[in-house]
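To keep things clear, I will list the structure first and then write my remarks on it.
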Amino acid sequence: MPVSFKELGLVNTKDMFADAMAKRYAVPAYNFNNMEQLQAIIQACVETGSPVILQISAGARKYANATLLRYMAQGAVAYAKELGKAIPIALHLDHGDSYEQCVSCIEYGFSSVMIDGSHLPYEQNIEVTRKVVEYAHARGVTVEGELGVLAGVEDDVQAEHHTYTRPEEVIDFVTRTGVDSLAIAIGTSHGAYKFKPGSNPEIRMDILHEVEKQLPGFPIVLHGASSVPKDIVDLINKFGGKMKDAIGIPEAQLRLAAGSAVCKINIDSDGRLAMTAAIRKVMAEKPEEFDPRKYLGPARDALKELYKHKNLDVLGSAGRY
Ligand code: G3H
Ligand code: 13P
Ligand code: ZN
């Protein structure tokens with residue numbers, strides 16, 4: 001039985017983005033695959049008074065089970081209230097790769113979907129995105145499209161180089177598809193290895209500004225926005241990890257982007273790093289432990305601290321609710 005996100009107490013991204021645009025901050029979009037990640041996200045966002053977009057990828061649905069994840073998101077709404085604050089929570093499909101996948105998520109109660117046609121030829125990207133928008137908008141669900149290809153791994157596709165978004169295409173794409181937000185490629189990339197050691201870790205703010213000029217007041221999304229904090233990577237390596245030359249987007253650049261038309265910033269890898277570091281530490285320092293709560297608990301705490309820091313010091317989403 002299809003369920004509407006409204007029955008689950010979730011919201012779509014419309015009002016969230018309107019507020020973020022007016023007040024010049026970015027809404028955090030954090031991925032989750034399990035209970036500890038979801039708890040950390042909700043605790044951090046309630047404690048900082050931040051709206052949040054809970055992201056589920058196709059990989060997450062495969063890993064955790066689509067039904068379980070849907071009930072977990074529903075539970076998150078009640079959990080936030082129980083913690084003392086009814087923050088706005090959207091449930092979003094991250095990198096939807098087909099119309100059918102978007103429909104399935106909407107039937108499971110997602111309030112927002114991304115249709116990622118960025119690897120397709122331009123006209124095909126428009127065609128599939130418009131089809132998703134038609135289905136989604138009829139149900140009050142918001143849609144994110146993407147133009148340009150991020151370097152690094154986007155699902156199974158390995159892009160060697162960035163194909164930056166072409167600002168001259170954005171008006172045509174947005175008008176013909178009817179999307180509610182647009183993900184752009186300006187030099188961010190997925191994963192923990194975003195720049196070569198010794199290279200300049202800079203994103204193309206000039207392209208972002210050009211896009212803003214073309215689409216005044218239109219919500220822009222940044223994927224691949226983890227900062228890969230050095231202290232966390234060092235901790236992983238100290239406790240037996242092997243993560244050489246992991247480099248992310250400097251926080252100062254994300255702060256600048258959040259103050260522009262960028263209304264949604266996607267962060268997944270930093271959370272993975274924080275959990276891994278905490279788990280490695282327990283494993284190394286207390287080899288006698290075998291209760292998962294003894295290592296997943298500290299991992300959850302580390303994740304919560306990381307997200308609080310993002311909301312407060314990077315995205316500017318803290319204290320909005
Ligand atoms: O952009 C991708 C997200 O980090 C989700 O990653 O497909 O491994 O779940 P995943
Ligand atoms: P990171 O790998 O930089 O965390 O990006 C996550 C993302 O874009 C999810 O869609
Ligand atoms: Zn992404």
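Just follow the structure's listing: the first ligand is 1, and inside any ligand the first atom is 1. Given the structure is predicted, the values throughout are model-derived calculations rather than measurements.
- For ligand 1, the atoms sitting less than 4.0 Å from at least one non-hydrogen atom of Asp268 are 3 (C), 4 (O), 5 (C), 6 (O), numbered in the order shown with element in parentheses.
- A cation-pi arrangement is absent between Arg176 and Phe173 under the rule of less than 6.0 angstrom and at most 45 degrees off the ring axis.
- Under 3.5 Å, the side chains of Asn34 and Tyr63 contain no donor-acceptor pair of N or O atoms.
- The number of heavy atoms from other shown groups lying within 6.0 Å of NZ (Lys304) is above 12.
- Distances below 4.0 Å separate heavy atoms of Asp94 from the following atoms of ligand 1: 1 (O), 2 (C), 3 (C), 5 (C).
- For atom 8 (O) of ligand 2, the nearest non-hydrogen atom of the protein is Gly224 N, 2.8 Å.
- For Asn31, every heavy-atom contact with ligand 2 shorter than 4.0 Å involves the side chain, none the backbone.
- With the Zn ion (ligand 3) as the vertex, NE2 of His95 and NE2 of His190 span 100° to the nearest 10°.
- The CD1 atom of Ile265 lies 11.0 Å from the CZ atom of Arg255; values are rounded to the nearest 0.5 Å.
- In summary, the side chains of Glu144 and His223 do present a donor paired with an acceptor at a separation below 3.5 Å, with no hydrogens or angles considered.
- One side chain, Ser317 or Ser50, offers a donor N or O that lies under 3.5 Å from an acceptor on the other.
- Residue contacts with ligand 2, taken as heavy atom pairs separated by less than 4.0 Å, do not involve Ser57 at all.
- A donor-acceptor contact closer than 3.5 angstrom is absent between the side chains of Asn12 and Ser111.
- Distance from atom 9 (C) of ligand 2 to its nearest protein heavy atom, with residue and atom name: Asp94 OD2, 3.1 Å.
- Nearest N, O or S atom of His223 to the Zn ion (ligand 3): atom ND1.
- The ligand atoms of ligand 2 that sit less than 4.0 angstrom from a heavy atom of His95 are 10 (O).
- Within ligand 2, counting atoms from 1 as listed, the ones closer than 4.0 Å to a heavy atom of His223 are 8 (O), 10 (O).
- The number of heavy atoms from other shown groups lying within 6.0 Å of OH (Tyr122) is above 12.
- Residue Ser189 places a heavy atom under 4.0 Å from ligand 2.
- Between Gly145 and Val179, the shortest heavy-atom contact is N-CG1, 3.8 Å.
- Residue-level proximity to ligand 1 for Gln55 is absent, since no heavy atom of it falls below 4.0 angstrom.
- Met114 does not count as a contact of ligand 2, since none of its heavy atoms falls under 4.0 Å from the ligand.
- For atom 2 (O) of ligand 2, the closest heavy atom belonging to the protein is Ser269 OG, 2.7 Å.
- If you check the side chains of Ser104 and Arg61, you find a donor sitting under 3.5 Å from an acceptor.
- Remark: ligand 2 atoms within the under-4.0 Å shell around heavy atoms of Gly191 are 2 (O).
- Remark: the His309 side chain and the Glu251 side chain contain an N/O donor-acceptor pair separated by less than 3.5 Å.
- Nearest to atom 3 (O) of ligand 2 among the protein's heavy atoms is Lys194 NZ, 2.5 Å.
- Residue Ala29 does not touch ligand 2, judged by heavy-atom distances below 4.0 Å.
- Distances below 4.0 Å separate heavy atoms of Ser57 from the following atoms of ligand 1: 5 (C), 7 (O), 9 (O), 10 (P).
- Looking from atom 7 (C) of ligand 2 to the surrounding protein, the closest heavy atom is His190 CD2, 3.4 Å.
- Within ligand 1, counting atoms from 1 as listed, the ones closer than 4.0 Å to a heavy atom of Asn31 are 3 (C), 5 (C).
- Interface atoms of ligand 1 facing Arg272, defined by a heavy-atom separation under 4.0 Å, are 4 (O), 5 (C), 6 (O), 8 (O), 9 (O), 10 (P).
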Worked check of salt bridge (charged side-chain N to carboxylate O under 4.0 Å, His left out) between Lys14 and Asp180 = CA-CA 8 Å; Lys14 229 176 176 59; Asp180 302 278; 3.2 Å; yes
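- Set against the non-hydrogen atoms of Ser226, the atoms of ligand 2 under 4.0 Å away are 1 (P), 3 (O), 4 (O).
- Using a 4.0 Å cut-off between heavy atoms, Ile267 contacts ligand 2 through its backbone alone, with no side-chain atom that close.
- Pairing each heavy atom of Leu215 with each of Leu182, the nearest pair is CD1-CD2, 4.4 Å.
- Here Tyr30 and Tyr307 bring their ring centres to under 6.0 angstrom of each other.
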